Amino acid sequence: MPGSITVSLPDGSSRSLAQGSSTLDLAAAIGSRLAAAAVAAEVDGALRDLTAPLTDGQSVRIVTSDSDEGRHVLRHSTAHVMAQAVLRLFPGAKFTIGPAIEDGFYYDFELPGGRTFTEADLEAVAGEMRAIVAADQPFVRAEVGVDEALRMFADQPYKCEIIERVTSGAADGSDAGEVSGGGAVSVYRNSDAFVDLCRGPHVPATGRLGHFALMKVAGAYWRGNERGPMLQRIYGTAWESKKALDAHLHRLEEAEKRDHRRLATEMDLLSFPAELGGGLAVWHPKGAIVRKLMEDYSRRRHQDGGYQFVYTPHLANGRLFETSGHLDFYRDGMYPAMEMDNGTYYPKPMNCPMHCLIFRERQRSYRELPLRLFELGTVYRYERAGTLHGLLRIRGFTQDDSHIYCTEEQLTDEIESLLDFVVSVLRAFGFEDFGFNLSTRDPDKSVGSDGIWERATSALREAMERHGVGYAVKEGDAAFYGPKIDIDVRDAIGRKWQLSTIQCDFNLPERFGLEYVASDNTRRRPIMLHRALFGSVERFFGVLLEHYGGSFPAWLAPVQARVLGVTSEHDAYAESVRDALVAAGFRADWVAADEQLGKRIRSAKMERLPYVLVVGADDVRDGTVGVNPRGGEVVRGVPVGRFIDDLRAETAGTSVA
RNA sequence: GCCGGGUUAGCUCAGCGGUAGAGCAACCGCCUUGUAAGCGGUAGGCCGUGGGUUCAAUCCCCACACCCGGCUCCA
C-alpha cells in the first residue's frame with residue numbers, strides 16, 4: 001500500500017496503517033472496544049500519547065485503562081483536570097506539582113491570600129471537574145523552548161522554578177514526572193484557559209475521565225522541605241470505571257473496619273487516655289492477655305534459639321548515650337534530660353548501649369561467642385506530636401530487642417540463621433509473604449570508617465545471597481552505626497508493613513571498647529548485630545490486629561470459647577463445661593441464659609470468639625457440646641473431651657498453655 | 001513541629017445563642033429460648049480544659065490538651 005506504514009504489535013503480528021496514523025487509529029482498526037479502553041501507547045518502549053503519529057517500523061503496545069500503567073495515565077490526567085478546576089474556582093491560585101500515586105493522585109496549590117481548602121471546597125472542585133470532563137477537552141501536547149515556557153508561566157512562580165531546575169540539570173525525582181528536560185519543555189494544553197507543564201502521556205481528551213473522587217485536603221511542604229512554604233494539597237482517586245472506583249472505595253471501608261484503633265476500643269483491648277499524654281497506651285485485660293501470649297511465645301522461641309535473657313533499666317546517665325552516639329544523632333528524638341545529684345539522666349531510647357555494658361562487665365572468651373542477649377526492653381522516644389498514630393507510632397514502646405556479639409568469621413552464618421529465625425517467628429503469626437530490604441550508609445548521618453561500613457554491608461548482602469532471598473536496596477537508609485536488613489510482611493488485605501530489622505554494627509563495639517580473648521590469646525573486637533522481630537511489641541500488636549481484623553486465631557484469642565446454655569436449665573452444665581476448659585488450660589467463659597440464645601450467639605460472634613459452645617438437654621445427658629466455630633459449620637453432640645483435644649491440637653506449638 | 005478537620009452518654013453519632021437527643025451497650029423486670037438482634041422499663045452527659053464576647057455560650061472568639069487526615073521526621 002503506497003504511503004502506508006507498518007508497525008508491529010506485542011503478539012508478534014504487524015499492521016499496516018495510513019501515513020500519519022496514530023495509536024488511536026491503530027486501536028480503532030483492531031476493535032472499537034480496544035479503542036475505547038486505550039489511554040496511552042508504548043512505542044518502542046516509551047510511553048506516548050495515543051494521538052502521537054506513528055512511523056514505519058515502530059513496535060507498539062496499546063496501554064488500556066484497566067492496567068496499572070493505564071490507571072497511572074488516567075490519574076495523572078485527572079490531576080490536570082483538578083488543577084484546571086481549582087484555577088477556575090480560585091483565581092490567582094498558584095499550582096505546583098500533581099503526580100499520580102498509588103491508587104490516585106494529588107495536586108499541590110498555593111491559594112491567594114493564604115486561603116486554605118475546606119471539605120466544602122472539595123465538592124465545588126469536583127463539580128467543576130465534572131464540567132471539564134463533560135466538555136471533553138482534548139489534551140494537546142506541545143514542545144516549547146525554555147524562554148517561551150517561562151513566558152507562558154510568567155504568573156506561576158512554582159512552574160518557573162521547575163522549568164529552571166530542570167533546564168539547569170538540578171532536577172530530582174519529583175520533577176521528572178512533570179517535564180521532559182533537554183532543550184525543550186513539554187506542555188499540555190486543555191483549553192485556551194489551561195495549560196500545564198508535563199511530560200505526559202495523557203488521555204486524548206477529558207471525556208475519557210470521570211470515575212474519580214476527591215478524598216481529602218492536606219497541607220504539604222513545597223518540595224517536602226519543612227522550612228519551605230506550606231501548600232494546600234488535594235488527594236483524589238481515579239479509576240477506569242465506576243465499578244472499579246466503587247470497589248476501591250469499598251476496600252477503603254473494609255480497611256477502616258480493621259483499623260486497630262477502632263478494634264482496640266471495640267474489643268476493649270487498650271486505650272490512650274488523654275490524661276496520660278499523647279502516644280502512651282494502657283493495656284486492658286483483654287489486650288494484655290494477647291500481648292502476654294505474644295511475648296511468651298517470643299521468649300520461648302528465643303530460649304530455644306540460644307538467647308540469654310537480660311533486663312536493663314529505663315533511665316541512664318547521659319554519658320552512656322554520649323558514648324553510644326545517640327545524643328549526637330537523636331537528641332531531638334529523646335525525652336529531655338533529668339538533672340539528678342550525680343549527673344544528667346535520660347529515659348532510654350534504645351537498649352543496645354546497656355547490653356554493651358553487660359558484655360563489657362567481665363572478660364569475654366571467643367568460646368562464649370556468639371553471645372546472644374535478649375530483652376523485651378521498654379524505650380521512650382519523643383515523637384513529634386503530629387506523627388503519633390495509634391499503636392503504630394507511639395512514644396513509649398517495648399522492643400523485642402536482641403544484641404548478638406560475634407566474631408567476624410561467624411558474622412555471615414549468624415545473619416543467615418537470623419533470616420530463618422525471623423521468618424519462622426513471623427509465620428507463627430500468620431504472615432506468609434516477606435520482603436527484604438538492604439539499607440546502606442548515609443555519609444552525612446553515620447559514624448565509622450568506610451572500610452567498616454563496607455565489611456558490614458557485604459556481610460548482610462552475602463548472607464541474603466547465600467540464603468537465596470531477593471532484596472531491594474535502599475540507599476542511605478541505614479542506622480547511624482551500621483547498615484541493616486529490614487523485613488516487611490504483607491497482611492491479609494495486601495498491605496505492606498515493615499516489621500523486623502537485622503542491623504550490622506562494627507561501631508558500637510568500638511565506641512564501648514568491647515573485646516574478647518581469641519583462641520590465639522589476642523584481644524579482638526567483636527561485631528554486634530542488633531535485631532528485633534516484632535520491632536515494637538505495641539506496633540506489632542497493632543499490625544496483627546489489622547491483619548486478623550480482630551479475629552485472633554485460637555491460640556491468641558483473649559477468650560477462646562464461650563459456653564451458652566440453651567435455657568437457664570442448662571446453665572449449671574454450661575458452667576461446668578467452662579470449668580473443664582479452664583482446667584485444661586484454656587481461656588473460656590460462660591454467659592447465663594438471660595437473653596435468647598440467638599442474641600447471645602450474636603454477641604459472641606460480634607466479639608469474634610473462635611468458638612461458641614451451645615449446650616442443651618441432649619448435651620447435659622450425653623456430656624457433649626454443640627460446637628459453633630467462627631467461620632465454620634455447627635457440629636452438634638461433640639464430647640467435651642474431644643473438643644478439648646481438638647482445641648489443644650489446634651493451638652499446639654503456639655499456645656503455651 | 002507545620003497545614004486542615006475534630007472532641008456531645010460506655011460505644012457510634014444527631015443537634016442548637018435560651019444549659020440536650022437517637023441507636024447499641026449497661027441496669028431492672030417479664031420471656032425459658034438448639035445456633036447472628038424477644039418485649040417493657042430505668043439509669044446515664046459541668047456538651048475536652050481554661051479564658052473571653054453576650055442579659056444568656058455546648059453553640060461565637062482565643063489559648064491549651066487530646067484525637068483524625070496529610071506534610072516533615074522515624075535509632
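Source: prediction; values computed, not measured. Below, read A as the first sequence line, B as the second, and so on, with proteins coming before strands; counting in each chain starts at 1.
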For [N], what is the paired nucleotide under Watson-Crick or G-U wobble rules, both distances under 3.5 Å?
N: B:rC13; answer: B:rG21
N: B:rC60; answer: B:rG52
N: B:rG38; answer: B:rC30
N: B:rC66; answer: B:rG6
N: B:rG44; answer: none

Base, sugar-phosphate, or nothing: which does [X] touch, judged by heavy atoms less than 4.0 Å apart?
X: A:Gln503; answer: sugar-phosphate
X: A:Gln232; answer: sugar-phosphate
X: A:Arg636; answer: base
X: A:Gly616; answer: base
X: A:Ala604; answer: nothing
X: A:Asn225; answer: nothing
X: A:Ala220; answer: sugar-phosphate
X: A:Gly278; answer: sugar-phosphate

Distance, [atom1] atom - from [M] to [N], rounded to whole angstrom:
N: B:rG48; M: B:rA43; atom1: P; answer: 24 Å
N: B:rA25; M: B:rG38; atom1: P; answer: 9 Å
N: B:rU32; M: B:rA22; atom1: C1'; answer: 31 Å
N: B:rG41; M: B:rG4; atom1: P; answer: 48 Å

Ion pair present between [X] and [Y], side-chain N to carboxylate O less than 4.0 angstrom?
X: A:Glu161; Y: A:Arg223; value: yes
X: A:Glu254; Y: A:Lys257; value: yes
X: A:Arg621; Y: A:Asp619; value: no
X: A:Lys348; Y: A:Glu375; value: yes

- Message: For A:Pro353, give me all partners under side-chain contact (heavy atoms from CB on, under 4.5 Å), at least two apart in sequence or on another chain.
- Response: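 In terms of side-chain contact (heavy atoms from CB on, under 4.5 Å), with neighbours along the sequence ignored, A:Pro353 is linked to A:Leu320, A:Phe321, A:Ser324, A:His326, A:Met350, A:Phe512.
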
Exercise for the section: State, without any angle test, whether A:Asp401 and A:Asn351 hold a side-chain donor-acceptor pair at a distance under 3.5 Å. Expected result: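 Yes.
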
Look at the side chain of A:Arg600 and the backbone N and O of A:Val566, then say whether any donor-acceptor pair between them is shorter than 3.5 Å.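 Indeed, once roles are kept as given, a pair shorter than 3.5 Å links the two residues.
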
*asked:* With a strict under 4.0 Å distance from non-hydrogen atoms of chain A, what nucleotide opens and what nucleotide closes the contacted stretch of RNA chain B, reading 5' to 3'?
replied: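 Nucleotide range in contact with chain A: B:rG1 to B:rA75.
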
